[in-house]
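Following: one structure in structure tokens, then a few remarks.
A, B, ... follow the sequence lines: proteins, then strands. Residue 1 opens every chain.
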2 protein chains.
Amino acid sequence: MSLANERAGDREQGHENSQHLQLRAWLRLLTCANLVERRVRANLRESFDITLPRFDVLSQLARAESQGNVDGLTMGELSQRMMVSAGNVTGLVEGLVADRLIVRMAQAKDRRSARVKLTPKGLRAFEAMLGPHESWIDAAFSGLDEADLKRLLALLAKLKISAAGATP
Amino acid sequence: MSLANERAGDREQGHENSQHLQLRAWLRLLTCANLVERRVRANLRESFDITLPRFDVLSQLARAESQGNVDGLTMGELSQRMMVSAGNVTGLVEGLVADRLIVRMAQAKDRRSARVKLTPKGLRAFEAMLGPHESWIDAAFSGLDEADLKRLLALLAKLKISAAGATP
DNA sequence: CGGAGATATTTTAAGTCTAAAGTATCTCGC
DNA sequence: GCGAGATACTTTAGACTTAAAATATCTCCG
């Protein structure tokens with residue numbers, strides 16, 4: 001292990017064996033999320049000159065499309081999927097529309113809401129990023145074998161339910 | 001499970017059993033981190049009218065102190081522990097100094113750097129938040145028993161090493 | 001000593017994010 | 001029909017965040 005490893009993410013140092021297992025798990029979870037996210041963000045910037053939130057928008061739209069959602073997503077659906085506020089989505093979409101990666105279409109059915117969809121250019125751009133993105137994730141998780149990953153998924157599924165509980 | 005639970009954090013839906021275990025684990029990790037962080041942020045605001053990053057500064061300083069670090073931390077040490085950029089710390093510290101929760105002290109030894117330390121007021125404020133904060137975390141992790149928590153800690157320890165690898 | 005890097009921090013510019021208030025539109029009961 | 005809420009979204013104000021450039025200081029070799 002390099003010195004960099006020793007120093008990275010020492011958010012949770014100093015708890016020794018003092019129990020507080022929940023707190024220790026939370027701090028370690030946060031450290032891991034930060035480490036991975038930081039890598040992905042830097043890689044997206046260096047390789048494709050795009051930010052992570054914008055990539056996330058493209059990603060959600062591509063996923064929706066691949067699930068058979070031909071008409072794109074509303075701002076609200078995007079907001080929910082990305083787990084960010086509606087106001088935030090407004091700004092992100094604005095930027096991507098300006099870059100011609102997505103389009104906004106008014107709906108006749110409900111004129112309050114708009115649908116957002118990848119342009120062909122946007123789809124091509126996303127598809128070019130998809131492979132590298134997945135390989136960065138694979139690299140970050142390379143220390144875990146298949147059994148580890150499945151156990152981690154199961155534990156996080158439990159956590160997800162418990163952490164979402166009672167949140168309106 | 002409420003409807004809110006069904007809809008919360010569906011970042012990873014649509015992958016079915018398509019393998020990509022690393023990617024699925026990453027998305028679920030991110031979802032969990034977001035869910036917990038959102039709760040803590042809202043609770044800190046409602047109960048103590050403080051933001052999470054500011055609480056994090058107080059927390060790091062208190063932890064350093066409890067580890068016997070009487071002289072506080074430098075900006076750089078804070079930046080590393082919090083896993084945020086140095087420029088970010090500058091602004092956070094500014095705000096907390098204005099609120100008289102921390103103090104900045106010049107160092108004779110190395111005049112480039114300053115040390116930051118909790119004021120008595122800052123320590124009292126942090127101590128008041130410590131208990132509630134821990135109970136919020138406990139609540140978020142309540143779906144996991146002790147064995148789960150230990151397994152999760154172990155898996156995240158592996159991930160931490162692997163995700164930190166080769167990061168300068 | 002003197003200056004060439006190294007190091008610690010701040011500044012800057014741009015983007016992300018939230019909560020809350022505001023706007024527009026829809027729905028539904030009467 | 002029509003108005004009272006509900007809903008979808010945008011705007012606003014403020015805080016956080018980063019990367020990169022700028023500043024200040026230190027270290028250490030010659």
With a 4.0 Å cut-off on heavy atoms, is B/Leu92 in touch with a base, just the backbone sugar-phosphate, or nothing at all? sugar-phosphate
Going by the side-chain contact (heavy atoms from CB on, under 4.5 Å) test, name the single residue among A/Leu159, A/Leu156, A/Leu155 that passes it with B/Arg28. A/Leu156
Between A/Val93 and A/Met75, is there a side-chain heavy-atom distance shorter than 4.5 Å? yes
Provide the full list of ring-ring contact (aromatic ring centres under 6.0 Å, His included) pairs with a residue in residues 142-164 of chain B, sequence neighbours left out, each pair given once. none
Roughly how many Å is it from NZ in B/Lys109 to C1' in C/dA8, rounded to a whole number? 15 Å
Interatomic distance, A/Glu94 CD vs D/dT12 C1' [rounded to whole Å]: 13 Å
Students often get this wrong, so: under 4.0 angstrom with heavy atoms, is A/Ser85 touching a base, only sugar-phosphate, or nothing? base
Compare all side-chain heavy atoms of A/Asp148 with those of A/Leu152 and state whether any distance is below 4.5 angstrom. no
Whole angstrom is fine here: how far is it from CG in A/Leu44 over to P in D/dA19? 13 Å
If I take atom CZ in residue A/Arg111 and atom P in nucleotide C/dC26, what distance separates them, rounded to the nearest angstrom? 4 Å
Just to confirm, is there a sub-4.0 Å distance from OP1 or OP2 of D/dA15 to any side-chain nitrogen or oxygen of B/Arg45? no
Can you give one letter per nucleotide of nucleotides 1-10 of chain D, going 5' to 3': B for a protein heavy atom under 4.0 Å from the base, S for sugar-phosphate only, - for none? -----BBSSB
Considering just the side-chain nitrogens and oxygens of B/Asn88, establish if one lies under 4.0 Å of OP1 or OP2 belonging to D/dC16. no
Is it true that B/Arg81 and B/Glu77 have a side-chain N and a carboxylate O under 4.0 angstrom from each other? no
For residues 118-126 of chain A, run the donor-acceptor check on the side chains, cut-off 3.5 Å, and write out each pair with its distance to 0.1 Å, sequence neighbours left out.
residue  : atom : partner  : partner atom : Å
A/Thr119 : OG1  : A/Arg100 : O            : 2.8
A/Thr119 : OG1  : A/Leu101 : O            : 3.0
A/Thr119 : OG1  : A/Lys121 : N            : 3.4
A/Thr119 : OG1  : A/Gly122 : N            : 2.9
A/Lys121 : NZ   : A/Asp99  : O            : 3.1

Whole-Å distance separating the CD atom of A/Gln80 from the P atom of C/dC17: 17 Å
Take atom CZ of A/Arg41 and atom P of D/dA20, then tell me their distance rounded to the nearest Å. 12 Å
Closer than 4.0 angstrom, basic N to acidic O: yes or no for B/Lys117 and B/Asp71? no
Check the distance between D/dC16's C1' and B/Ile50's CD1 and give it to me in whole angstrom. 14 Å
So does A/Arg54 get a side-chain nitrogen or oxygen closer than 4.0 Å to the phosphate oxygens (OP1/OP2) of C/dG15? no
Interatomic distance where CG belongs to A/Asp49 and P belongs to C/dG15 [whole Å]: 11 Å
